[in-house]
Structures are given as C-alpha cells and as structure tokens.
Amino acid sequence: MRRFELYDTLSRETRMFVPITPPKVGLFVCGLTPYSDAHIGHAKGPVTFDVVARALRRWGYRVFSVQNVTNLDDRLIARGGESGTDPMALADRHMAVWYGDMARLGIRSVNYYPHATDYIPEILAQIQQLVDRGFAYEARGSVYYDIAKFPRYGALSGQKLDALRPGARVDPEPGKRSPGDFVLWKAATPGEPNWESPWGPGRPGWHIEDTAITVRLFGPRYDIHGGGADLKFPHHEAEIAQAEAATGESPLVNFWMHVGLLTLKGEKMSKSLGNVVGLSESIDTFSPQVVRFYYLNAHYRSPLDFVPGRSLEEAAEAYRALDSVAVRLRAARTAAGPDREGEELSPELESSAVSTVEELDELLSHDFNTRETIALLFRWTKTLTELLPKLDGLSTTALDTLLGPHDWAGEVLGLLGASESSAGDGTLSGVIRLALDARARARARSDFTEADRIRDELIAAGVRVEDDGSSTRWRLAGPSV
RNA sequence: GCUGAGGUGGCAGAAUGGUUAAUGCGUCGGACUGCAGAUCCGAUUCCUGGGGGUUCGAUUCCCUCCCUCAGCUCCA
C-alpha cells in the first residue's frame with residue numbers, strides 16, 4: 001500500500017493516511033437529492049472521489065465506496081406535489097439521468113448507492129438509541145436532536161452555538177428546545193409518504209440517513225467522508241453528533257474531505273440564484289472527458305469559477321492537445337500487435353517513461369493534486385511529440401513503455417485512456433469519409449472551389465476537417481471551438 | 001458580526017524557506033498548407049493584494065490591514 005497525505009477538514013491539517021483496518025478503506029460521500037436536473041457543479045465531487053477511489057485501489061487499498069441518495073425530502077415532496085407525482089418516483093426519474101451521466105463521465109468506482117428510504121429500520125433504530133441515551137427528545141410527533149447535549153457540535157465548521165446569527169434562517173419550530181436543534185424524525189403531514197414509528201407516523205430528517213447507513217455498512221467509525229464544502233454545516237456536524245452520540249465511539253471518520261464549490265462568474269451555482277448550467281447538456285455539448293478534465297485541472301479543495309462560453313471551451317482546447325498524442329500513440333500500439341520486433345527505446349527515454357509514472361503517483365499522493373499530474377502529463381506529451389514520426393518502427397514493448405503515463409491517466413484520472421478515445425459511429429464516419437474522398441479528388445485536380453465547398457458543408461454540419469500533410473483528419477466539432 | 005478557504009502573469013490555475021515561480025489557454029513570430037485549421041519550433045525573460053516582522057534569503061513562516069468566495073439550518 002502506497003502511503004499518501006490527505007487534508008482533513010476537522011483537524012485542519014494534512015497528514016498521512018492510515019486505514020482503520022488495512023487494507024480496507026471505507027469511503028462515504030454525500031450524494032445528491034435528485035429533485036431536479038443536475039447542474040455542472042454537481043459532478044465535481046463525484047469526479048473527485050472517483051479519482052480518489054481509483055487511486056486508492058491502484059495503490060493497494062480495498063475501497064468500499066458508497067454514495068447515498070436522498071430520495072425523499074421537503075423539496076422532492078414540493079416538486080412532486082406540483083406535478084402530482086410521487087416524490088420517490090420523481091427521485092428515481094432524476095436518478096436515471098444521473099446514473100447515465102455518471103456512466104458517461106466514467107465514474108465506475110462507486111460500489112453502492114443506498115437510498116434513504118431503504119434504511120428506515122436502521123434510521124428508526126438509531127433515533128431510538130439517541131432518545132434512549134438522552135440526546136434526542138420527542139415533541140408533537142417529531143424527534144429532535146438536542147445539540148446542547150453534544151459539546152463538540154460545531155467543531156467541524158468552527159461554529160459556536162451561541163454565535164449563530166440571531167434571526168438567520170433558524171427555524172424556531174414549536175416544540176424545539178433550541179432553534180439550533182435539528183429534526184431526526186418528522187411527524188407526518190397528510191398526503192406525504194410516511195412510516196410508522198414509536199413516535200407516530202412520519203419520515204426521516206435530512207441528516208439521519210447518512211449515519212444510519214454508514215453505521216450499518218461501516219460500523220461506528222470509518223476512514224473517509226466526502227462531500228461539498230457547503231455541507232460542512234450543519235449537515236456534517238449533525239452526522240458527527242448523531243453517530244458519535246448513538247454509538248458512543250469517536251471519531252466518526254478519520255478524514256473529512258470537502259470539495260470546493262463551483263461558482264458561476266463568482267457566485268455559487270444554485271437554483272435559487274437561477275445561474276445553473278446543466279450537467280447533461282455540458283457533457284453532450286463537449287464530452288465527458290472534457291468535463292472531467294475541467295474539474296481535475298484544479299485542486300479539488302479550491303473553488304472553481306465557471307464562466308459559460310469559456311471554461312469548458314478552454315478545457316476542450318487543452319484536453320485535445322493532450323489527447324491527440326495519446327490517440328496517435330495508442331493507434332501505433334494497436335498497429336504493432338502483440339509482439340512486434342522493432343527499435344527499442346534509448347535507456348534515457350525508457351527510464352524517463354518509467355519515472356514519469358512513478359512521479360504521477362507521487363504527485364497524486366500529496367492530497368490528490370490532480371493539477372500537478374496533468375502538468376506532468378503535458379510535459380511528458382511534449383517529450384513524446386518529437387518521437388511521433390518514429391512510432392511505426394518501435395517494438396511493442398517500447399510502445400507499451402511509452403504508453404505508461406497515458407495508461408496511468410486512464411486508470412487513475414479516467415482521461416486519455418484506451419477506451420475513452422472516441423471511436424465514432426461507424427455509419428457516420430463512413431459517410432464523412434465518402435465526402436472527404438470527393439474533396440480529395442477535387443483537390444487533386446486543383447478544383448479548390450469544389451474542395452472548399454465540401455469542407456464548408458462539412459463544417460456547417462459540425463465536422464471539422466484538418467489536412468495533415470499526406471492525410472486528412474476529421475473530428476466532430478464542439479460549439480464555438 | 002462569527003467560522004473557514006483564498007488573493008499568483010492578458011486569462012485559468014499549481015508549487016516551494018534559496019538556481020530562469022510548473023502547466024495550460026490566449027497573443028506574437030517562424031515552419032508546414034492552394035487557403036484555413038490542426039501540428040511543430042521559438043517568444044511572451046520585467047506576475048506572488050498593501051504594510052510590517054523573523055531570516056543570509058519569503059511567494060512560502062508570524063502580525064496587521066484591505067479585498068473575494070463559501071458557511072452561519074435548502075445546497076455537491
């Protein structure tokens with residue numbers, strides 16, 4: 001198992017990661033509440049933790065990665081009510097889209113997506129524990145957590161209870177002992193989904209599902225808990241308070257990882273501000289790799305400012321440069337077959353390729369600095385470009401060695417991988433090839449009017465045409481690229 | 001107001017108590033091309049918010065001020 005450093009929000013320090021039960025690593029990430037279509041900010045965390053899981057597995061850890069789904073909450077009920085849809089069915093519908101987007105983004109590291117409503121017995125049991133131990137109280141059919149009973153409440157986010165801004169969005173519901181108390185079990189309102197409980201019919205509060213799930217899956221303590229930076233307070237505070245009070249064990253998690261939020265022109269992207277850019281559309285318009293690249297091109301803890309019409313366009317430009325060399329290298333490797341004899345690499349080049357891979361692991365092991373690994377991949381690409389003309393003469397083993405860094409990127413970053421290269425649709429590429437042949441014949445007889453007409457029509461149809469000395473390449477163009 | 005994270009070149013964004021502060025985008029010049037694009041080569045050597053301090057040396061550590069973003073019970 002490779003050793004690595006990880007920043008922990010709770011202790012506010014970067015320290016060596018040590019699993020509770022090596023080589024196992026429990027990774028829990030707060031997933032989403034699928035009450036509407038996902039926007040471009042929502043996938044930043046999942047991509048980040050996908051890389052975390054991929055890297056840990058490469059480094060010899062056995063990761064169990066879990067992302068919960070809050071498939072019932074106030075917003076889902078509200079949205080469902082507007083359209084006369086069952087809130088949980090509405091959640092499922094959005095999740096279908098979400099899973100599709102996750103698959104397109106190459107996120108395959110998540111082992112399990114537990115849904116809140118599948119854990120009602122665990123939730124009820126945990127609430128009962130909290131009541132029994134005196135951390136929670138019932139009022140008017142609801143159960144609240146009494147934050148006064150848990151002195152460490154606020155430690156993660158640095159909030160002081162008595163400093164909570166007076167008149168802020170604290171909701172002094174009748175029955176609450178303190179405005180800061182949060183609901184564990186919400187008494188049923190007619191027409192809403194509900195379950196029987198010792199306190200009457202109701203449904204879970206927002207925070208309780210996570211700890212009910214993690215205690216069930218991981219036990220009272222686990223290794224890494226991730227989520228967006230906006231979840232620190234109160235959500236993650238509540239989780240600590242719930243789990244540690246219920247199980248009597250501490251700390252709930254060893255490392256809290258918080259992902260910097262995506263802002264839109266300096267402001268947080270959110271529905272209420274009306275400044276959202278859709279996730280699915282972004283993937284459609286550009287590509288899953290470009291979206292991934294965009295996120296990973298910054299440190300996961302930094303906030304990232306999204307500028308429509310520029311951010312993904314820039315990422316597309318940068319990624320293409322990186323990818324085109326990877327594609328050509330992989331093509332040469334495919335052409336070489338399983339065991340072609342040929343020129344071997346110079347000792348310097350060979351050791352450079354090997355040490356580049358080692359350096360990639362090393363860079364990533366400092367709090368998952370994906371940006372640094374991308375910078376190194378660019379440098380490696382640069383040394384590769386002068387080799388490009390000689391590729392066809394190299395042996396299979398030489399090509400495999402050269403592909404090391406790209407294979408690393410495919411395995412860990414989910415970029416530049418063998419499977420990620422766009423193969424293209426067979427029919428489409430056949431038709432395009434046909435048009436390009438016609439253009440080539442026109443060019444051969446110096447009929448540039450006809451040649452340019454064909455090219456212009458292809459461009460108008462979204463196909464970019466590039467002559468490269470002897471051959472002509474094409475690719476589907478993104479918008480305004 | 002309180003808590004946290006930051007302020008780096010035209011832009012995006014890393015890093016480190018010490019040779020030219022990574023990388024990318026963009027821009028400029030050259031090569032290639034019928035042209036364009038892509039690609040390649042080169043340049044963009046005068047960039048670390050202000051002010052103090054510690055140090056032989058700070059962008060990095062400390063203090064202070066200013067500014068930005070996020071959180072302060074919807075939030076990835």
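Chain naming here is simple, since letters A, B, ... match the order of the sequence lines and numbering starts at 1 in each. Remember, it's a predicted structure, so these values are computed and weren't measured experimentally.
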Should the pair A/F28 and A/Y222 be assigned to parallel (<30°), tilted (30 to 60°) or perpendicular (>60°) ring geometry? perpendicular

Reading RNA chain B from 5' onward, which residue's closest nucleotide shows up sooner: A/A375 or A/L231? A/A375

Please determine if A/R439 and A/D467 form a salt bridge, counting it only when a charged side-chain N lies under 4.0 Å from a carboxylate O. yes

Considering every strand shown, what is the Watson-Crick or G-U wobble mate of B/G18 when both distances are under 3.5 Å? B/C56

Span that lies between the P atom of B/C40 and that of B/C46, in whole angstrom: 25 Å

Using the P atom in both, what is the distance from B/A15 to B/U60, to the nearest Å? 15 Å

From B/G13, B/U73, B/C35, pick the nucleotide closest to the side chain of A/A298? B/G13

Kindly point out which of B/C72, B/A12, B/A14 is positioned nearest to the side chain of A/E314? B/A12

Any heavy-atom pair between the side chains of A/I208 and A/E239 that's under 4.5 Å? no

With the side chain counted from C-beta on, respond yes when A/V66 and A/Y113 share a heavy-atom pair under 4.5 Å apart, and no when they do not. no

Do A/F255 and A/H225 have ring centres separated by under 6.0 Å? no

Between the side-chain atoms of A/R301 and the base atoms of B/A5, is any donor-acceptor pair under 3.5 Å? no

Between the side-chain atoms of A/R320 and the base atoms of B/C25, is any donor-acceptor pair under 3.5 Å? no

Taking CZ from A/R12 and C1' from B/U3, how many angstroms apart are they, rounded to a whole number? 8 Å

Base, sugar-phosphate alone, or nothing: which one does A/A229 contact when heavy atoms must sit under 4.0 Å apart? nothing

Base, sugar-phosphate alone, or nothing: which one does A/L32 contact when heavy atoms must sit under 4.0 Å apart? sugar-phosphate

Classify A/V465 by what it touches in the nucleic acid, base, sugar-phosphate, or nothing, heavy-atom distance under 4.0 Å. base

P atom, B/G49 versus B/C11: distance in rounded Å? 14 Å

Across every strand shown, the nucleotide meeting Watson-Crick or G-U wobble geometry with B/G42 (both distances under 3.5 Å) is B/C28

Should the side chain of A/D467 and the base of B/C35 be counted as holding a donor-acceptor pair, with the cut-off at 3.5 Å? yes

Please classify the nucleic acid contact of A/G226 as base, sugar-phosphate, or nothing, using heavy-atom distances under 4.0 Å. nothing

Calculate the interatomic distance between A/H258 atom NE2 and B/C69 atom P; express it in whole Å. 21 Å

Check whether the side chains of A/D367 and A/T14 place a donor and an acceptor atom closer than 3.5 Å, and report yes or no. no

Rounded to whole Å, how long is the line connecting atom OH of A/Y7 with atom P of B/A15? 14 Å

Looking only at the side chain of A/R439 (C-beta and beyond, no hydrogens), which of the listed nucleotides B/U39, B/A22, B/G34 gets closest? B/G34

Using a cut-off of 4.0 Å on non-hydrogen atoms, how would the nucleic acid contact of A/R455 be classed: base, sugar-phosphate, or nothing? base

Say you pick atom C1' in B/U8 and the same atom in B/U68; how far apart are they, in whole Å? 15 Å

May I have the distance from A/L156 (atom CG) to B/U3 (atom P), rounded to whole angstrom? 15 Å

Can you tell me how far C1' in B/G29 sits from the matching atom in B/A70, rounded to whole Å? 44 Å

Give the rounded distance in Å between these two atoms: CG of A/L304 and P of B/U68. 20 Å

Watson-Crick or G-U wobble partner for B/G37, using a 3.5 Å limit on both distances? none

side-chain N/O A/N297 vs B/U23 OP1/OP2, d < 4.0 Å: no

With respect to the phosphate group of B/A14, does any side-chain polar atom (N or O) of A/S302 fall under 4.0 Å of OP1 or OP2? yes

For the side chain of A/R443 and the base of B/G34, is some donor closer than 3.5 Å to an acceptor across the two? yes

Categorize A/G45 for me: base, sugar-phosphate, or nothing, with a 4.0 angstrom heavy-atom threshold over every strand shown. nothing

Would you mind telling me which of B/A22, B/G71, B/C11 lies closest to the side-chain atoms of A/R371? B/A22

A/R464 side chain, from C-beta outward: closest of B/A14, B/G37, B/A76: B/G37

P atoms of B/U16 and B/C25, separation to the nearest Å: 24 Å

Can you tell me the Watson-Crick or wobble partner of B/A5, both distances under 3.5 angstrom? B/U68

Under 4.0 Å, heavy atoms only, any strand: does A/D305 hit a base, just the sugar-phosphate, or nothing? sugar-phosphate

With stacking defined as ring centroids separated by under 5.5 Å and planes differing by under 30°, is A/F448 stacked against B/G34? yes

Please measure how far the P atom in B/C74 lies from the corresponding atom in B/G13, and state the result in whole Å. 29 Å

For the pair A/F368 and A/Y300, name the ring-plane relationship: parallel under 30°, tilted 30 to 60°, perpendicular over 60°. perpendicular

Regarding the side chain of A/R379, the nearest nucleotide among B/G71, B/G24, B/U23 is B/U23

In whole Å, what separates the P atom of B/G4 from that of B/U27? 43 Å

Which part of the nucleic acid, if any, lies within contact of A/L262, taking any heavy atom under 4.0 Å across all strands shown: a base, the sugar-phosphate backbone alone, or nothing? base

For the side chain of A/R75, starting at C-beta, report the closest nucleotide among B/A15, B/C74, B/U73. B/C74

Looking only at side-chain N and O atoms, does A/T33 offer a donor or acceptor that is under 3.5 Å from a partner on A/D73? no

